[in-house]
Amino acid sequence: MKIIKTLALGLTVAAVTQMTHAADTGFDMQTVDPEADRIALQKYFKSRFPESDIADYVNGIYAVDAGSREQWEELEEFPPYEFDVEKGEELFNTAFANGKGYADCFENGGVGIRQNFPYWSKEEGTVKTLEQEINECRVSNGEEPLKWGKGAIAQISAYMAWTSRDKVFDIKIPADDERAKAAYLEGKKFFYAKRGQLNLSCANCHVQGTNIAIRADLPSPQLGHVTHFPVFRSKWGSLGTLHRRYSGCHKDSRSKPLKPQAEEFRNLEYFQSYMSNGLVANGPGSRK
Amino acid sequence: MSMNRRSVVKAIAAGGALVGASVLMPRIAMAAWTTKAFEAEDQATAMNELLGGAAEESAEVTLKAPDIAENGAVVPVTVSSSMAGVESMSIFVENNPNPLVAEFLIPAGTDADVSTRLRMGKTSKVTAVVKANGKLYSASKEVKVTIGGCGG
Amino acid sequence: MKKGLIIAAALAMAPTLATATSFQEAFESNRAMHGNDHVFEWKGGKYHTNHEEEMEARVKATKANAADLLAKAKAKNAEVAKLGFEWKLTGDILKDAQKAIDEADYQKALNLAAQAKYHARIGIQQYHYAQKNWHLSVPE
Amino acid sequence: MAKGILKVKAKASGDKTKVKLMAKHIMESGQRKDKKTGELIPAKFLQELKVMHGGKEVFAANLGTAISKNPYFAFNFAGGAKGDELTMTWVENSGATSTETAKVK
């Protein structure tokens, strides 16, 4: 415990010396610059893992760890999520009781649009995620909302991601609405804030801790984090949404997880997705 | 490799509860599932029950498996052999409760090259046994199964 | 003489240990090394290594006292939950404390309530620390 | 035909057909306990699988409970052409069985 503390202290001190360099990426509404953040993150990973191609970060940890990549490639020979994509397609195309369907709720009939989520809704003054809109589509057509973490919502989301493969993420932060930038900043802050009994931030494991074993797990890089969701995790033995993973990660730091689709999580998704701009959507994915 | 009594009884009991003969038919047509081998709790017994003996190590048997399994629930494994006349290929995980994982029957014309995914409860030696021209050859590899830190 | 040496050593190791001279650091390192109920010296004064909640639990083990500390712990946890920094195990510890009260094991209830209250207090500290310092972990 | 549990990717290339198949099946090992009741969940797993092409057996497997959930197999056999039909028969330890078909691509 003591050692951990001392280490943490050392890191903090080290971080202070970095602050002058890092300050230009912005920590408040006056200075925050999402595009500078995105470029800085890519540079960070390029210098940490010079061998890895930036475009390959859509494959998470497998972009930087050859040993696990080989097993993952074996899994991808016949990915475990295929049944779910099939089921998702069927659900997506099943009409509601009122005769309408998911295709009526989304742009382009819901096909090939995953890379545009989440987005800032000026009307509602909040970040909207794909899963959120899937459920809103149901409710506005008189259907019960689905549970957020797994099952049908993950399958529908997986099918929609499948139809969007190789489309480039292009998350926008509208300049004419300060609240959008504020949401981004909140997400960034969430990512870097230490919390829980283990006193860990997302960044501790997924920026500084990338590819450094936590017992037997290798944390994935933050760059490209959201591109491949929903994900079939061997650990779960099933498909799960991004917010299910957020809850799990949150628990791992011994925090009480927030509810899926909580504003904090949506802001976090907004920040993380912006960081993945320029990378392609490649969901659903399979992970350990 | 005849069907032993217990599995016949089981098949009849199960088949009877369903559609009877039509369910039973393909079962008999297939190579028997050897209960004694699959239920054996040590590898030597399992191997003996399934293949009637022990295997000798051979460089002509290739077992591809990870050094460290990402997840013990899904360990990708490929068994292949350059030998001619391969009749079957079997996989054993020594430290599993029942070491015999699977037996693949290789008819003439099919490559002696099969991939699958298996479960490992803990770190163990994994052994592939190839039966060719009535003889048994093997290759083994230790696969580590570790406990992850990210349970959520 | 001895003191001088320690200071020299601390200076030599600066800046890593520079902040270790605060009371908080002195407290934490003594707590980590010796556990609770240890007395240490800091800038001429004598201090013990107990958390404030542990002191709060040192009252007569009665139902009223246990219920009182549990109520305080719950209030503190509600406060940290509102900030979004509640810890994972605190809710269960609070439940266990209530169970101990129901089973008339008031000392156990006091100890559990104290632990939960401590978790909540540190969670709140974490929140305030994060507000001020989150940007320190942003890499260059 | 009732929807099967097998998903098959069979591709003819050169003088061979490459087959990858996956079965949607829990492969319950019989060694897991129900989290709520604490009782063992009875084993339920695929025991046998056979693949036929043009009346000839091209692959057969006898399986135990250590095959992963959603069992996966990949193999190659000589011959086969685009449009050919593969016939797969599986048997569960419960005695349940079914035959499904898939086309070579």
Side-chain angles (χ1 to χ4, degrees), chain A residues 62 67-94 147 149-156 158-159 161-163 165 216-217 228 230-240 244 247-248 251 257 282-288, chain D residues 1-13 16-36 41-46 49 51 58-59 61 63 65-77 86 88 90 92 98 100-105:
Chain A
Y62 310 120
S68 50
R69 183 182 186 106
E70 207 175 320
Q71 292 174 63
W72 168 72
E73 281 175 347
E74 292 275 351
L75 288 193
E76 286 285 329
E77 282 286 314
F78 204 127
Y81 49 74
E82 286 209 1
F83 290 113
D84 292 297
V85 172
E86 211 169 66
K87 182 74 186 166
E89 180 173 13
E90 186 190 315
L91 290 168
F92 185 89
N93 291 317
T94 305
K147 286 204 169 141
K150 53 184 169 183
I153 201 160
Q155 289 166 332
I156 294 166
Y159 167 67
W162 180 258
T163 67
R165 279 205 166 177
D217 282 338
H228 43 272
V231 153
F232 189 104
R233 222 179 153 219
S234 305
K235 183 129 219 157
W236 293 335
S238 72
L239 193 74
R244 178 182 180 190
S247 294
K251 266 188 236 164
N282 65 332
S286 61
R287 291 295 181 271
K288 74 174 279 188
Chain D
M1 198 181 88
K3 211 177 158 199
I5 63 166
L6 298 174
K7 207 168 154 68
V8 182
K9 295 178 185 178
K11 205 170 180 325
S13 79
K16 276 184 191 175
T17 298
K18 294 184 174 182
V19 183
K20 293 183 214 169
L21 68 86
M22 193 185 271
K24 192 171 171 56
H25 199 285
I26 180 111
M27 295 301 278
E28 193 61 64
S29 68
Q31 281 152 5
R32 261 189 347 148
K33 279 183 181 161
D34 186 306
K35 272 183 194 152
K36 282 177 193 140
I41 303 169
K44 180 180 162 72
F45 62 99
L46 293 183
L49 172 74
V51 182
V58 292
F59 181 75
L63 312 170
T65 52
I67 288 288
S68 299
K69 175 181 171 178
N70 294 349
Y72 165 78
F73 307 100
F75 61 92
N76 309 320
F77 67 88
L86 297 179
M88 286 81 52
W90 53 260
E92 199 182 62
S98 177
E100 301 176 21
T101 59
K103 286 259 190 301
V104 175
K105 280 183 184 154

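In what follows, chains are A, B, ... by sequence order, proteins preceding strands, each numbered from 1. Heavy-atom basis, side chains included; hydrogens, waters and symmetry copies ignored.
To the nearest 0.5 Å, atom CZ of residue A/Phe83 and atom NZ of residue D/Lys7 are 7.0 Å apart.
Environment of NZ in A/Lys87: sparse, with no more than 12 heavy atoms of neighbouring residues, nucleotides or ligands closer than 6.0 Å. The neighbour count for D/Lys9 NZ, taken as heavy atoms of other residues, nucleotides or ligands under 6.0 Å away, is above 12.
A/Glu77 touches chain D through backbone and side chain together, each having a heavy atom under 4.5 Å away.
Proximity to chain A at a heavy-atom threshold of 4.5 Å picks out D/Lys20, D/Leu21, D/Met22, D/Ala23, D/Lys24 from residues 19-31 of chain D, in numerical order.
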